[in-house]
Structures are given as structure tokens and as C-alpha cells.
S.K.: 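So that we are looking at the same thing, I have put the structure below in C-alpha cells.
Protein chains get the first letters and strands the later ones, always in sequence-line order, with residue 1 at the start of each.
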Amino acid sequence: TFTWNSMISAFTKSGFLDVAVGLFNSMPEPDQCSWNSMVSGFAQHDHFFEALEFFVKMHREDFILNEYTFASALSACAGLIDLKIGTQIHSSVSKSPFLSDVYMGSALIDMYSKCGSVFSAQKVFDGMTKRNLVSWNSLITCYEQNGPANEALRIFLRMMECGFEPDEVTLASVVSACASLSAIAEGSQIYVRVIKSDKFRDDLVLGNALVDMYAKCGRIKEARWVFDRMPIRNVVSETSMVSGYAKAASVKAARLMFTKMTDRNVVSWNALIAGYAQNGENEEALGLFRQLKRESVWPT
RNA sequence: CCUCGAUUCACGACGG
């Protein structure tokens with residue numbers, strides 16, 4: 001069984017879910033760990049519905065659910081934005097010995113956050129006896145995504161007062177909050193912190209968040225500065241620049257950026273089309289839309 | 001430390 005489980009885990013981690021299912025079905029007696037691997041494997045690869053199917057089947061076959069099971073199932077509920085099942089799982093967790101588990105708390109916060117229930121997320125956080133970085137990050141992200149975004153900044157300060165060192169996840173969330181608040185001063189403070197740190201300087205997601213913050217705040221020069229200094233860029237970085245140019249400079253500059261992009265997806269196309277539309281250049285917007293259809297770019 | 005778990009980035013539309 002140990003060997004079977006090792007193999008299942010290897011395949012779920014690398015995304016060969018069908019192979020994992022095959023192994024799972026052919027093993028003589030799957031145990032709790034095998035089931036957990038299936039639930040987590042599907043949840044981690046965005047097959048949330050199937051993850052929950054394994055979860056309920058596991059439950060029906062009277063396997064003991066543990067903190068691993070619940071955390072993965074909650075993550076699936078978050079992905080499905082299923083507050084109903086998420087709340088049911090919460091009440092099961094409350095009756096279990098796992099309520100004080102840090103992973104459990106963070107998973108619950110994130111589930112409520114993704115479902116838009118800010119108050120419930122906050123309540124879970126307040127009730128936690130032990131917290132770690134991820135618990136704080138989950139709450140910061142909750143306010144960043146659902147608002148009020150300035151609450152994300154306040155939680156961030158509180159987190160540091162409590163002696164926690166932010167990681168790249170923390171900082172990316174905080175920078176996003178700054179973007180929606182147009183809090184350039186605070187965002188720039190994060191920026192200096194980032195460039196001074198070997199750990200953060202080359203982080204793609206964090207760099208993208210900073211570029212996007214400056215772009216959204218109309219500080220296209222600063223956005224460009226950060227963008228040019230990123231060791232690695234991707235379609236997200238470039239799309240932020242396209243939007244930024246359209247907003248703060250000109251659609252012409254946005255288009256130039258767009259034509260130099262190495263990858264384009266629907267989001268980048270939309271960004272440019274929106275740029276034209278917002279400038280009243282509807283004919284151009286329509287032309288791009290037709291070109292988009294011609295090139296068969298579809299949402300993923 | 002190695003069989004299973006939680007958090008981060010870009011545009012638009014729709015629904016509420």
C-alpha cells in the first residue's frame with residue numbers, strides 16, 4: 001500500500017490524474033492516504049468538482065476524514081465558489097479535533113474569502129489559536145479581493161507588529177491592494193523593500209504586481225522602470241503595460257507594446273480593445289475584435 | 001526532508 005500511495009502521489013503531483021485514477025482503482029485496498037491523494041490531486045489541478053466527488057465517496061465508504069482531507073476539500077469548495085458545501089464542511093470540522101489546525105484555519109479563511117464572505121473569514125481568523133504566515137496572507141488576500149482594500153494594509157501592519165516576516169505572497173497581495181487604492185506611497189515602500197532583497201528581487205508575480213500597481217495609478221514611467229528591470233517577464237507583465245499605456249499615455253503606445261508582445265491571449269487582446277473603446281476609437285476596437293476572431297483566440 | 005493538505009499577479013462581459 002505504501003508503494004501504491006507513493007506512485008499515486010507522484011502522478012497526481014505531476015498532473016497525470018488519469019494515471020493516478022488507474023492506479024487507485026487497481027490497488028487492492030486504498031487507505032485514507034490514497035483517498036486524500038486523490039482529493040488533493042484533483043483540487044490542486046483545478047478539477048474541483050472531481051475532488052469533491054472523491055471526498056463524498058470517501059465519506060460514504062466510511063473512511064476517517066482527517067485534516068488533510070478537509071483542507072483539500074475546502075480548497076475545492078473555494079475553487080467552485082461553493083459556500084453551501086464549504087459551510088457544511090466547516091461544521092464537520094468544528095466537531096472534529098482538527099479545528100485548531102493551522103492549515104484548517106487558513107483553508108477556511110480562503111474558502112470564505114473566495115465565496116465573498118468576508119465576515120466569516122474574519123471570524124475564523126479571530127478564532128484561531130495558532131496562526132502562521134499563510135493564515136495572515138489568506139486574510140490579507142481576502143480584503144484585497146473583496147474589499148475594503150485598506151483593511152488589507154491595516155492587517156499587513158498588524159501582521160508585522162506580531163513579528164511575522166512577509167513573504168512574496170504577502171507583498172504581492174499588499175501591492176495589489178495598493179493598486180486598487182491608488183496608494184503609490186505605500187506601494188513604493190514595498191518596492192524599495194523588494195529591490196533590496198535577494199529573495200524578492202527576481203520574483204515574477206511580485207514584479208507583475210508592482211508593474212500593475214504603477215500602471216493602474218497612471219505612473220507609466222515607473223511601471224516601465226520596474227518592467228525593464230525584471231529578469232523574467234510573461235504575458236501578465238506585458239498586458240499590465242498595455243493597459244497602463246492605454247490609460248496613462250496613449251492607445252498608440254499601448255498598441256506598440258502589444259505588437260511587441262511575445263505571447264498574447266484573450267486578456268491582452270481585451271486590454272487593447274478596451275483601450276481603444278475607452279478613447280472613443282470604436283472602429284479600431286471593432287477591427288481588433290475581428291482580427292481576434294480571425295486568429296481564433298479563445299478564453300482558456 | 002521526501003505516501004496526502006492551505007495563501008499571491010493582467011482585460012473585459014454577464015449576473016446579482
S.K.: Quick one: ring pair (Phe, Tyr, Trp, His ring centres under 6.0 Å) partners of A:Tyr276, sequence neighbours excluded?
M.R.: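 Expected list: none.
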S.K.: In whole angstrom, give the distance that lies between atom NE2 of A:His45 and atom P of B:rC4.
M.R.: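 From A:His45 NE2 to B:rC4 P: 14 Å.
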S.K.: Between A:Leu74 (CG) and B:rA6 (P), how many Å, whole number?
M.R.: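 Checked: the CG to P distance equals 11 Å.
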S.K.: To the nearest Å, how far apart are A:Met38 CE and B:rC4 C1'?
M.R.: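 From A:Met38 CE to B:rC4 C1': 11 Å.
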S.K.: Rounded to the Å, how far apart are A:Phe11 CZ and B:rC4 P?
M.R.: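 The answer, rounded to whole Å, is 15 Å.
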S.K.: Using a 6.0 Å distance limit plus a 45 degree cone around the ring axis, check whether A:Arg131 lies over the aromatic ring of A:Phe125.
M.R.: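 Yes; both conditions hold, so A:Arg131 lies above the ring face of A:Phe125.
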S.K.: Going by the rule side chain to side chain contact (heavy atoms under 4.5 Å, CB included), which residues pair with A:Ser250 if we only count those two or more places apart in sequence or in a different chain?
M.R.: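 A:Ser250 satisfies side chain to side chain contact (heavy atoms under 4.5 Å, CB included) with A:Lys252, A:Ala253 only.
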S.K.: With heavy-atom distances below 4.5 Å as the criterion, would you say the side chains of A:Phe156 and A:Tyr143 are in contact?
M.R.: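 They are not in side-chain contact.
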S.K.: What one-letter contact string describes nucleotides 8-16 of chain B from 5' to 3', where B marks a base within less than 4.0 Å of any protein heavy atom, S marks contact via sugar-phosphate atoms alone, and - marks no contact?
M.R.: BBBBS----
S.K.: So what does A:Asp101 touch, heavy atoms closer than 4.0 Å: a base, only the sugar-phosphate, or nothing?
M.R.: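 Contact class for A:Asp101: base.
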S.K.: Give a yes-or-no answer on whether the side chains of A:Tyr191 and A:Trp225 include a donor-acceptor pair shorter than 3.5 Å.
M.R.: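 Yes, a side-chain donor-acceptor pair sits under 3.5 Å.
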S.K.: Would you mind reading off the distance between A:Met128 atom CE and B:rU7 atom C1', rounded to a whole angstrom?
M.R.: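 Roughly 11 Å, once rounded to whole Å.
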S.K.: Just the rounded figure in Å: distance from C1' of B:rC4 to CH2 of A:Trp35.
M.R.: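 The distance from CH2 of A:Trp35 to C1' of B:rC4 comes to 14 Å, rounded to the nearest Å.
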S.K.: Among B:rU3, B:rA6, B:rC4, find the nucleotide with the atom closest to the side chain of A:Ala107.
M.R.: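 Of the options given, the side chain of A:Ala107 lies nearest B:rA6.
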S.K.: Indicate whether OP1 or OP2 belonging to B:rU3 is found under 4.0 Å from a side-chain N or O atom of A:Gln32.
M.R.: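 For A:Gln32, the contact criterion (side-chain N or O under 4.0 Å from OP1 or OP2 of B:rU3) is not met.
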S.K.: Hey, does A:Ser106 reach any base, or is it just sugar-phosphate, or nothing, if we go heavy atoms under 4.0 Å?
M.R.: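 Counting heavy atoms under 4.0 Å across all strands, the contact made by A:Ser106 includes a base.
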S.K.: Measure from the side-chain heavy atoms of A:Glu67 and tell me the nearest of B:rC4, B:rU7, B:rG5.
M.R.: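 For the A:Glu67 side chain, the nearest candidate turns out to be B:rG5.
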S.K.: Using a heavy-atom cut-off of 4.0 Å across all strands, would you classify A:Glu238 as base, sugar-phosphate, or nothing?
M.R.: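 It contacts nothing in the nucleic acid.
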S.K.: What is the separation between atom NE2 on A:His90 and atom P on B:rG5, rounded to the nearest whole Å?
M.R.: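 For the pair A:His90 NE2 and B:rG5 P, the rounded distance is 22 Å.
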S.K.: Do A:Phe24 and A:Phe54 have their ring centres less than 6.0 Å from each other?
M.R.: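 A:Phe24 vs A:Phe54: aromatic centres under 6.0 Å.
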S.K.: Is A:Asn132 side chain donor-acceptor paired with the B:rA6 base, going by distance under 3.5 Å alone?
M.R.: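 When only heavy-atom distances are counted, A:Asn132 does reach the base of B:rA6 through a donor-acceptor pair under 3.5 Å.
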S.K.: Rounded off to whole Å, could you give me the CG-to-C1' distance for the A:Asn5 and B:rG5 pair?
M.R.: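 Roughly 15 Å, once rounded to whole Å.
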S.K.: Answer yes if the ring centres of A:Trp269 and A:Phe258 are under 6.0 angstrom apart, and no otherwise.
M.R.: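 Yes.
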